[in-house]
Amino acid sequence: GDEDCKQALGSPALKPTLQALAKVERTAKEKGERQEAARRAEDARQRQIAARQRLEAAKIAEETRQLLEAERRAAAERRPVPFGSGTGFSVTPSGYILTNRHVVTYRAEGKSALCNLVTVEQVSVLKEAEIIAIDDTNDLALLKVAMDGSDALAINATNAAPLDNIIVAGFPLSGKLSSSVKVTKGVVNSDSGPPLPGSLGDNYSLLQIDAAMQPGNSGGPIINEWGNVVGVAVGMYAEKFRRETGILPQNINFGIKSSIARTFLSANNIDLPLPNLKPLTTLELRERITKSTHKVICSITRAQARRIKK
């Protein structure tokens, strides 16, 4: 019975066996405890690794976000935005366009620089233009654009004379008026312009006209009744005269003579169409002006625009 079992277990002969069994149990228990401690330590280590990985991933994600945001802001600063506009006109069907130098440049910190991007609008489609040549002295610029179905205006073989009838075409007051080309009419008032700064004599590269012009007309064609270009619209004199004298003159505007334009284009190896030899009808003039006269847009970066405004 139970009593016999107790006596047997208490027998001196079994004592070493029982001690060995107890030792085995203790060893197994200690091993289990060590394994559990090692497991817990490994779990803690893995949690620490995972936490460090999450922290590192969050740090990398934040750095990446900041870098992308900085790149986005920098790209926005570099992105060209419209700064000003003028007018140009096709001188060949292949996409050569004549305009003013000041239409495709801007002034910053007292210096003149080329616009970052020049675009030409043809039938409401903007096309990037390449600046081929610049004439700083006469305020002319030659552009090249991939044109589609553009007419070309011929440059008159001789300069216009006082009392010649003329038409000015262009895109004045861009954004304030309609998007279509505008025309005004007048006559040539003089075959010379005012003296250049520091000069004693008249400026014979210009002709004076009384056709109305506004900001945005610069670079546009001044056309005679034959549809030939006799000048390139270059500027309004009234505001400058008012600043200098306090007097606001009326209908005093200027254009660069056709002889100057022809010389500039010939020097750049442009084969010009022959001038028309007879007057055009109103319909013919309207169609030719509409198809050959284009808005020219100067774009600079936001950073440059901000510096100029300061």
Side-chain angles (χ1 to χ4, degrees), residues 79-91 95-108 112-131 134 139-151 153 166-186 209 211-223 229 231-240 242 251-256 285-309:
R79 188 176 302 119
V81 293
F83 180 72
S85 68
T87 304
F89 59 94
S90 297
V91 292
Y96 285 100
I97 292 174
L98 187 62
T99 186
N100 286 147
R101 175 199 56 80
H102 75 262
V103 170
V104 297
T105 60
Y106 69 99
R107 291 193 66 81
S112 179
L114 293 176
C115 302
N116 293 81
L117 175 68
V118 176
T119 49
V120 172
E121 187 174 290
Q122 185 194 22
V123 196
S124 300
V125 176
L126 289 178
K127 298 184 177 183
E128 186 172 346
E130 178 186 1
I131 300 176
I134 293 285
D139 197 7
L140 291 173
L142 179 64
L143 311 179
K144 182 67 170 68
V145 180
M147 278 294 179
D148 181 20
S150 174
D151 276 0
L153 293 175
I166 50 94
I167 299 169
V168 175
F171 294 88
L173 302 175
S174 178
K176 306 296 184 183
L177 304 178
S178 70
S179 59
S180 61
V181 64
K182 315 296 184 301
V183 294
T184 56
K185 300 178 73 173
I209 61 174
M213 286 170 49
Q214 308 294 338
N217 272 116
S218 292
I222 302 173
I223 307 166
V229 174
V232 181
V234 70
M236 302 173 297
Y237 191 63
E239 183 59 28
K240 178 182 178 182
R242 185 193 65 78
N251 303 326
I252 298 180
N253 297 309
F254 297 95
I256 302 163
L285 275 172
R286 181 165 58 242
E287 290 183 346
R288 188 159 298 186
I289 288 171
T290 300
K291 290 183 177 181
S292 61
T293 309
H294 315 285
K295 182 191 291 186
V296 179
I297 301 169
C298 165
S299 296
I300 62 177
T301 66
R302 295 177 186 274
Q304 291 166 334
R306 201 160 39 246
R307 285 197 297 270
I308 291 173
K309 289 179 181 178

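In this text, all values refer to a predicted model and were calculated from it rather than measured experimentally.
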Taking all heavy atoms of Ala169 and all of Thr87, pick out the closest pair and write down the distance.
O-CG2, 4.1 Å
Hey, what do you get for CZ (Phe89) to CG (Asp151), rounding to the nearest 0.5 Å?
14.0 Å
Grab the two heavy atoms, one from Val103 and one from Ser218, that are nearest each other, plus how far apart they are.
CG2-O, 3.6 Å
Could you give the distance from CD (Glu287) to OG (Ser292), rounded to the nearest 0.5 Å?
11.0 Å
Give a yes or no answer on whether the side chain of Asn217 reaches the backbone of Pro172 with a donor-acceptor pair at less than 3.5 Å.
no
For a 4.5 angstrom cut-off between non-hydrogen side-chain atoms, does Val296 reach Ser85?
no
Holding to ring pair (Phe, Tyr, Trp, His ring centres under 6.0 Å), I want the full list of residues that pass it with Phe171, two or more places apart in sequence or in another chain.
none
When every non-hydrogen atom of Lys127 is compared with those of Gln122, the smallest separation belongs to NZ-OE1, 3.1 Å
Rounded to the nearest 0.5 Å, what's the gap from CD1 on Ile223 to CD1 on Ile166? Could you check?
9.5 Å
Distance col, row Thr119:OG1 vs His294:NE2, nearest 0.5 angstrom, shows 13.0 Å
Could you check if a side-chain atom of Val104 sits within less than 4.5 angstrom of a side-chain atom of Ile134, using non-hydrogen atoms only?
yes
Flag the pair Ile131 / Leu143 as yes when at least one side-chain heavy-atom distance between them is below 4.5 Å, and no otherwise.
yes
From Ile222 atom CD1 to Asn253 atom CG, the distance as rounded to the nearest 0.5 Å:
8.5 Å
Taking only residues two or more places apart in sequence, or in another chain, which ones meet Ser180 in a side-chain hydrogen bond (donor to acceptor under 3.5 Å, both in side chains)?
Ser178
Measure the shortest side-chain to side-chain distance between Ser112 and Arg101 over non-hydrogen atoms and say whether it is less than 4.5 angstrom.
yes
Quick one: closest heavy-atom pair of Gly88 and Thr99, and the distance?
CA-CB, 4.0 Å
From Lys291 NZ over to Ile289 CD1, what is the distance, rounded to the nearest 0.5 angstrom?
13.0 Å
Looking only at heavy atoms, which two atoms of Val234 and Met213 are closest? And how far apart?
N-CE, 4.1 Å
Using only atom types and a distance under 3.5 Å, with no angle test, would you say the side chain of Asn100 pairs donor to acceptor with the backbone of Gly219?
yes
Restricting to non-hydrogen atoms, name the atom on Arg288 and the atom on Leu153 that form the minimum distance, rounded to 0.1 Å.
CG-CD2, 3.4 Å
Just so I know, are the side chains of Ser90 and Ile97 near enough to count as touching, which here means a heavy-atom distance under 4.5 Å?
yes
Heavy-atom side-chain proximity of Asn116 to Ser299 below 4.5 angstrom:
no
Those residues at least two apart in sequence (or on a different chain) that pass side-chain hydrogen bond (donor to acceptor under 3.5 Å, both in side chains) with Tyr106 are Gln304
